[in-house]
Amino acid sequence: MNTNIAIEKKAQSFRLSVHLLNRLKALAKGENRSLNNYVETILLDVAYNQPNAETIAAIQEARSGKLEGPMDASSVEAMYKSMGL
């Protein structure tokens, strides 16, 4: 296995609000990561982790208001029961 694979990177400047930048720095620090690494990880997740069809359907159902009443999240079984499954 070749572990000497280099990923080409390019520096890029972005204009962000001071509030957002400070929030990102705090979140990165909380995970003991650099700001650059933290932001890159978030962007990779957004760019490459698309929900599958089942997840999209569940999101649409939740947004439609069809799931009424309280949901018991104390266990997976309880959650399914409170959802009528």
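Remember, predicted model here, so these are calculated numbers, not experimental data. Below, all heavy atoms of this structure are taken into account, side chains as well, without hydrogens, waters or symmetry copies.
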- So which residues get pulled into Tyr48's cluster when ILVMFWY side chains under 4.5 Å apart are joined, directly or through others?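 In the cluster with Tyr48 are Leu44.
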
What side-chain donor-acceptor pairs closer than 3.5 Å can you find for residues 30-39, not counting sequence neighbours?
unit_1	atom_1	unit_2	atom_2	d
Glu31	OE1	Arg33	NH1	2.8
Arg33	NE	Asn37	OD1	2.7
Arg33	NH2	Asn37	OD1	3.0
Arg33	NH2	Thr41	OG1	2.5
Ser34	OG	Asn37	N	3.0

- Just jot down the side-chain hydrogen bond (donor to acceptor under 3.5 Å, both in side chains) partners of Ser75, sequence neighbours excluded, or say none. none

- Heavy-atom pair of closest approach, residues Ala47 and Gln50: O-NE2, 3.9 Å

N/O donor to acceptor pairs below 3.5 angstrom from side-chain atoms of residues 16-28, sequence neighbours left out:
unit_1	atom_1	unit_2	atom_2	d
Ser17	OG	Leu20	N	3.0
Asn22	ND2	Val18	O	3.3

- Can you list the residues that meet the side-chain contact (heavy atoms from CB on, under 4.5 Å) rule with Asn49, with sequence neighbours excluded?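 Asn49 satisfies side-chain contact (heavy atoms from CB on, under 4.5 Å) with Asp45 once adjacent residues are dropped.
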
